[in-house]
Amino acid sequence: MTFDPPPGEPGSTAADDLLPRKFFDRPVDEVAPDLLGHVLVHGDVAVRLTEVEAYAGPLDPASHAYRGLTPRTEVMFGPPGHAYVYFTYGMHFCVNLVCGEEGTASAVLLRAGQITAGADTARERRPKSTERDLARGPARLCTALAIGREQNGLDVCSPESPLLIIEGDPADPSLIRSGPRTGVNGAKDTPWRFWIDGDPTVSPYRAHVPRKRNPPA
DNA sequence: TTCGAGATCGGCT
DNA sequence: GCCGATCTCGAAG
C-alpha cells in the first residue's frame with residue numbers, strides 16, 4: 001500500500017479548497033455523511049475521513065451537550081465549522097466538528113480516516129501502528145494529527161487556521177453505510193454512525209461495555 | 001480473530 | 001466520588 005504524495009507544500013492549501021462554512025450550517029445528520037471523503041489537515045499530516053458519528057446537541061442523551069452549556073461544551077454551542085476537542089478516559093483526545101446554527105450544539109465526531117499525506121510524521125507519532133491503524137479510531141486519529149487541547153475551538157473553515165478541512169474525493173454515495181453509534185450508552189438505536197463500506201480504515205464496531213469496577217474488599 | 005480487563009483523569013452530580 | 005463518544009495488551013480458540 002502506498003500513499004499519494006502531498007498535493008503541495010505544507011501550508012499552501014488554496015482557500016477555495018476549503019469546505020465553506022455553509023457546509024457545516026446544516027442539520028448534523030446531513031453534514032455527517034457528506035463529510036466522508038473530505039480531508040482534515042493539521043501541519044503536514046492529512047487524513048481522508050472514512051468514518052464519522054453525529055451528535056445532536058442538548059436533545060441527544062449521547063451528546064456531551066445533553067447536560068447543557070458548561071465550560072467544556074462551550075465550543076459546541078458556538079458557530080458551525082469549529083473544532084470541539086475533548087479529553088476522555090484520562091488519556092485520549094477526540095475531535096468533533098460543530099454543525100448547525102449557533103446554539104444548536106450539534107457536532108460530528110471524526111472516528112477514523114486514511115492518511116493521505118504526512119504518513120511518516122504520523123508513523124513517528126504512532127510507531128506501533130500498522131499503516132491502516134494510524135488513524136483508525138477517534139483517539140488514534142487525534143494522535144496521528146497531533147490534535148490536543150490547543151486545537152479546541154479552532155475554525156476549520158478559515159485559511160489562517162492550523163487545522164483545516166479541505167475538499168477531498170467525496171465518498172461514492174452507494175458505499176455510504178449507517179448504523180448504531182459506537183461506545184455510546186444512551187440512544188444506541190439512532191443510526192448516526194456513517195462510514196464508507198469496505199474501507200479498511202473503518203474501526204470495528206464494538207457495543208458499549210460498561211467498565212468493570214473493582215469489587216469492594 | 002475475538003474477548004476481557006486495566007490504565008488514568010477531567011467533568012459533573 | 002463516579003463515570004466515560006477509548007486503546008492496548010495478553011490469553012484463548
Side-chain angles (χ1 to χ4, degrees), chain A residues 24 28-29 31-33 35-36 40 47 49-78 82-100 104-113 115 122-153 177-195 198 200-217:
Chain A
F24 294 98
V28 66
D29 55 323
V31 176
L35 266 175
L36 295 173
L40 186 68
V47 171
L49 301 174
T50 59
E51 183 186 357
V52 298
E53 276 178 11
Y55 288 86
L59 299 178
D60 181 352
S63 170
H64 285 177
Y66 185 57
R67 298 181 194 284
L69 177 62
T70 68
R72 177 169 71 146
T73 58
E74 192 179 358
V75 172
M76 290 182 92
F77 285 84
H82 289 248
Y84 165 54
V85 181
Y86 68 90
F87 183 64
T88 190
Y89 288 93
M91 58 188 97
H92 299 302
F93 288 102
C94 299
V95 62
N96 298 248
L97 299 179
V98 178
C99 299
T104 55
S106 55
V108 178
L109 170 68
L110 309 184
R111 288 196 55 87
I115 309 281
R123 255 193 300 270
E124 283 171 23
R125 291 170 182 155
R126 303 193 46 82
K128 290 183 184 170
S129 285
T130 61
E131 303 261 333
R132 93 169 176 168
D133 281 350
L134 280 173
R136 189 180 188 226
R140 296 172 185 178
L141 184 143
C142 281
T143 305
L145 284 166
I147 290 175
R149 233 182 290 279
E150 300 76 27
Q151 281 68 44
N152 187 38
R177 298 285 180 273
S178 66
R181 291 175 290 189
T182 306
V184 173
N185 218 349
K188 57 178 66 129
D189 294 329
T190 311
W192 274 6
R193 172 178 172 248
F194 301 93
W195 69 94
T201 60
V202 172
S203 60
Y205 174 74
R206 291 165 79 142
H208 179 78
V209 219
R211 186 176 58 153
K212 282 223 175 110
R213 315 228 134 249
N214 289 332

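Labels below follow one simple rule: chain letters A, B, ... track the order of the sequence lines, proteins then strands, and each chain is numbered from 1. Computed from a predicted model, the values in this text were never measured in an experiment.
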Visitor: For A:R123, run the side chain to side chain contact (heavy atoms under 4.5 Å, CB included) check against A:L134, A:T130, A:I115 and tell me which one passes.
Guide: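 Considering A:L134, A:T130, A:I115, a side chain to side chain contact (heavy atoms under 4.5 Å, CB included) with A:R123 is found only for A:L134.
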
Visitor: Is the phosphate of C:dT8, meaning OP1 or OP2, less than 4.0 Å from a side-chain N or O of A:R126?
Guide: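 A:R126 to C:dT8 OP1/OP2: side-chain N or O found under 4.0 Å.
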
Visitor: Any donor and acceptor pair, going by atom type alone, linking the side chain of A:S63 with main-chain N or O of A:A56 inside 3.5 Å?
Guide: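 Not at all, since once roles are kept as given, no pair shorter than 3.5 Å links the two residues.
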
Visitor: In whole Å, I'd like the distance from the CZ atom of A:R67 to the C1' atom of C:dG4.
Guide: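 Result: 11 Å.
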
Visitor: Could you tell me whether a side-chain N or O of A:T73 sits under 3.5 Å from a main-chain N or O of A:G68, the two making a donor and an acceptor?
Guide: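 A pair under 3.5 Å: yes.
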
Visitor: OP1 or OP2 of C:dA5 sitting under 4.0 Å from any side-chain N/O of A:H64?
Guide: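 A:H64 to C:dA5 OP1/OP2: side-chain N or O found under 4.0 Å.
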
Visitor: Taking only side-chain nitrogens and oxygens of A:R111, does any of them come within less than 4.0 Å of OP1 or OP2 of C:dT6?
Guide: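 Answer yes for this pair, as a side-chain N or O of A:R111 is under 4.0 Å from OP1 or OP2.
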
Visitor: With a 6.0 Å cut-off (strictly less than), is the heavy-atom count around CZ of A:F87, excluding the residue itself, greater than 12?
Guide: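 Counting neighbours around CZ of A:F87, more than 12 heavy atoms of other residues, nucleotides or ligands fall under 6.0 Å, so yes.
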
Visitor: Under 3.5 Å for both pairing distances: what stems, at least three Watson-Crick or G-U pairs long, include DNA chain B?
Guide: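 Stems found: B:1-7 with C:6-12, B:9-12 with C:1-4.
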
Visitor: Just how far is it from atom CD of A:E53 to atom CZ of A:F194, taken to the nearest 0.5 Å?
Guide: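 It comes to 10.0 Å.
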
Visitor: Please tell me which of the listed nucleotides, C:dG4, B:dA7, B:dC12, lies nearest to the side chain of A:M91?
Guide: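 From the listed options, B:dA7 comes nearest.
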
Visitor: Is a donor-acceptor contact shorter than 3.5 angstrom present between the side chain of A:Y89 and the base of B:dA7?
Guide: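 It does not, because no donor-acceptor pair links the side chain of A:Y89 to the base of B:dA7 below 3.5 Å.
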
Visitor: For a quick test of reading the model: is some side-chain N or O of A:T70 closer than 4.0 Å to OP1 or OP2 of B:dC12?
Guide: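 For A:T70, the contact criterion (side-chain N or O under 4.0 Å from OP1 or OP2 of B:dC12) is met.
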
Visitor: Starting from P on B:dG11, measure out to CZ on A:R149 and report it in whole angstrom.
Guide: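 The distance from CZ of A:R149 to P of B:dG11 comes to 7 Å, rounded to the nearest Å.
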
Visitor: Ignoring the backbone of A:P138, work out which of C:dC9, B:dC12, C:dT6 is nearest its side chain.
Guide: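 The answer is C:dT6, which lies nearest to the side chain.
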
Visitor: Just how far, in rounded Å, is P of C:dT6 from CD of A:E51?
Guide: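 Whole-Å distance recorded here is 10 Å.
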
Visitor: A:F87 CZ to C:dC7 C1': how many Å, rounded?
Guide: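 Taking atom C1' of C:dC7 as the reference, CZ of A:F87 is at 13 Å.
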
Visitor: Determine: side-chain N/O of A:K128 to OP1/OP2 of C:dC9, distance under 4.0 Å, yes or no.
Guide: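 Result: yes.
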
Visitor: Of the candidate nucleotides C:dT6, C:dA5, B:dC12, which contains the atom at the shortest distance from the side chain of A:A139?
Guide: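 Ranking C:dT6, C:dA5, B:dC12 by closest atom to the A:A139 side chain puts C:dT6 first.
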
Visitor: Does A:R136 offer a backbone N or O that forms a donor-acceptor pair with the side chain of A:R140 under 3.5 Å?
Guide: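 At least one qualifying donor-acceptor pair exists.
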
Visitor: Picking from C:dA5, B:dC12, C:dC9, which would you name as closest to the side chain of A:M76?
Guide: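 That would be C:dA5.
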
Visitor: Could you tell me the separation between the CG atom of A:L109 and the P atom of C:dG4, rounded to a whole number of Å?
Guide: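 From A:L109 CG to C:dG4 P: 16 Å.
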
Visitor: Between C1' on C:dA5 and CZ on A:F194, what's the gap in Å once rounded to a whole number?
Guide: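 One finds 15 Å between C1' of C:dA5 and CZ of A:F194, rounded.
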
Visitor: Using the rule given for side-chain contact (heavy atoms from CB on, under 4.5 Å), can you reason through A:E74 versus A:L69, listing the C-alpha separation, both sets of side-chain angles and the distance that settles it, and then say yes or no?
Guide: CA-CA 6 Å; A:E74 192 179 358; A:L69 177 62; 4.2 Å; yes

Visitor: Considering all heavy atoms of both residues, which atom of A:P200 and which atom of A:R132 are nearest to each other, and what is their separation?
Guide: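 Closest heavy-atom pair between A:P200 and A:R132: O-CD, 3.5 Å.
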
Visitor: For the pair made of OH in A:Y86 and P in B:dC12, what is the distance, rounded to whole Å?
Guide: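 In whole Å, B:dC12 P lies 13 Å from A:Y86 OH.
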
Visitor: Between P on C:dA5 and CG on A:D60, what's the gap in Å once rounded to a whole number?
Guide: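 To the nearest whole Å, that distance equals 11 Å.
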
